[in-house]
Amino acid sequence: MKPTLTRSAALIVTLLVACSSMLAHHGNVAYDEQHPTTIAGNVTEFVWSNPHCQIYLDVKNEKGDIVAWSVESQSPGILKRNGWTRDSIKPGDHITVTLVPAKSGAPVGFSGEKSGKVVFDDGHVLKMDLR
Amino acid sequence: MKMQSRRVTLTLRFAVMLAIACAISSPARGQEKAKDAAAPAPKRDISGVWLYQGSGGAESTAPEKDMPPMTPWAQARFDPERPGYGSRAVPGGNDPILQCDPAGFPRIMFFPTPFEFVQTPAKIIQFFEREHEWRPIWIDGRSLPKDPDPTWYGYAIGHWEGDYTLVVESAGFNDKTWLGATGYPHSEDMRVTERYQRVDRNTILYNIRVDDPKAYTKPIIGPERTMKLRPGVEIGELPCVWSEENSFTKRIREPAVGKPNR
């Protein structure tokens with residue numbers, strides 16, 4: 001019984017790891033995949049470009065200071081298949097982004113795996129999980 | 001005996017009821033199955049846009065645990081490599097694709113972006129979204145060149161085995177590319193055999209074998225992989241452009257690992 005349970009647990013862990021590895025093609029080691037988080041702020045720039053589109057936004061931290069965050073997402077090809085266009089995000093938009101943060105503690109994140117998404121104040125959501 | 005047969009009947013009844021209950025309570029699952037039951041594949045035709053159902057850019061030709069022992073020649077090339085994935089992953093690193101080097105073959109097969117097969121009588125052309133790259137597979141009966149000049153994507157010939165399996169052999173690679181994101185090398189002697197088995201209209205089972213005795217003491221056998229047809233999808237453009245790559249490195253990659261934003 002015990003070996004079966006251990007095997008099942010190992011399988012579940014393996015599957016979870018496999019799911020969470022749907023990440024950027026240039027190495028996910030910089031990001032803390034185990035601790036996805038959300039940030040909310042005002043967009044300053046949206047870059048529609050390979051290898052990864054980028055969202056830059058000003059986020060207010062707990063102390064009330066404004067921190068400039070940089071967020072990488074997927075390539076334009078993948079985002080296009082998920083319904084995005086180069087105008088999907090505009091400077092001035094207030095958005096909430098689900099991302100995995102940099103392990104270094106720098107205000108940089110990756111939003112592009114299954115849990116990644118951008119939510120606008122009016123409730124509409126941009127996902128990026130369809131390849 | 002009577003008691004025993006009653007027990008068997010009760011158990012059977014319970015099993016049938018359970019099966020019905022499961023069927024009723026999982027309509028979505030039933031629908032999903034019906035949708036997945038694809039039509040039969042067309043004969044000797046592999047055209048269309050396909051997507052490898054992989055786990056992301058971390059994949060290599062074979063998982064690290066399945067890589068055969070390296071020769072001293074390959075080990076000497078492998079040791080200084082600093083890949084972005086696998087057991088030796090480091091942030092940044094020296095993956096050649098970070099310099100916009102072509103991913104090369106077979107590495108390009110394992111990215112989570114689609115490719116398209118366009119079929120003509122003499123050749124099947126594989127167009128990759130990744131790098132906006134392409135690779136001809138000659139199916140006109142020619143042989144592999146005896147001493148091909150090395151290239152990033154090699155020289156490929158194919159033939160049909162039955163009506164549903166395309167077998168592709170390739171050679172003539174340079175040794176500048178990695179076999180995948182975990183940094184394993186290969187030599188110019190590498191020969192690759194691929195089998196694209198179209199098991200139904202929507203599905204290819206993909207098997208790959210790499211023979212490279214200069215670099216590995218045994219052939220590398222990749223795990224069986226699944227590719228799915230993506231009707232209606234147009235492959236996009238994902239070239240590596242140095243100015244874009246460089247800007248991305250300065251604005252995202254380096255700040256992510258604690259280097260200041262330049």
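Here the structure is a predicted model, which means the values were calculated and not measured. No hydrogens, no waters, no symmetry mates; every other heavy atom, side chains included, goes into these values. Every chain is numbered from 1 and lettered A, B, ... according to where its sequence line falls, protein lines coming before strand lines.
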Could you tell me which portion of [X] (side chain, backbone, both or neither) has an atom closer than 4.5 angstrom to a non-hydrogen atom of chain A?
X         : value
Val90(B)  : backbone
Val241(B) : neither
Pro239(B) : both

Check the surroundings of atom [atom1] in [X]: do more than 12 heavy atoms from other residues, nucleotides or ligands lie under 6.0 Å from it?
X         : atom1 : value
Lys90(A)  : NZ    : yes
His124(A) : NE2   : yes
Lys103(A) : NZ    : yes
Gln53(B)  : CD    : yes

Exercise. Between atom CZ of Phe111(B) and atom OG of Ser75(A), what is the distance when rounded to the nearest 0.5 Å?
Worked result: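 Going from CZ on Phe111(B) over to OG on Ser75(A), the span is 11.5 Å.
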Exercise. When rounded to the nearest 0.5 angstrom, what distance separates OG in Ser70(A) from CZ in Arg253(B)?
Worked result: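 Reported to 0.5 Å precision, the distance equals 13.5 Å.
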For this session: Look at the side chain of Asn50(A) and the backbone N and O of Glu237(B), then say whether any donor-acceptor pair between them is shorter than 3.5 Å.
Result: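 It does hold such a pair.
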Exercise. Okay, side chain of Ser104(A), backbone of Ala256(B): is any donor-acceptor separation there less than 3.5 Å?
Worked result: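 Yes; judged by distance alone, with no hydrogens or angles, the pair exists.
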For this session: Answer yes or no for Arg131(A) and Tyr52(B): cation-pi contact, defined as NZ/CZ to six-membered ring centre under 6.0 Å and angle to ring axis within 45°.
Result: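 No, Arg131(A) does not sit over the ring of Tyr52(B).
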Exercise. Heavy atoms under 4.5 Å from chain B: which residues of residues 39-48 of chain A carry them?
Worked result: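 The residues closer than 4.5 Å to chain B, in numerical order, are Glu45(A), Val47(A).
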Exercise. Below 4.0 angstrom, N of the basic side chain to O of the carboxylate: do Arg81(A) and Glu129(B) qualify?
Worked result: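 So Arg81(A) pairs with Glu129(B) through a salt bridge.
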Exercise. Given side chains that start at C-beta, do those of Gln54(A) and Ile252(B) come closer than 4.5 Å, heavy atoms only?
Worked result: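 Result yes, sub-4.5 Å side-chain heavy-atom pair found.
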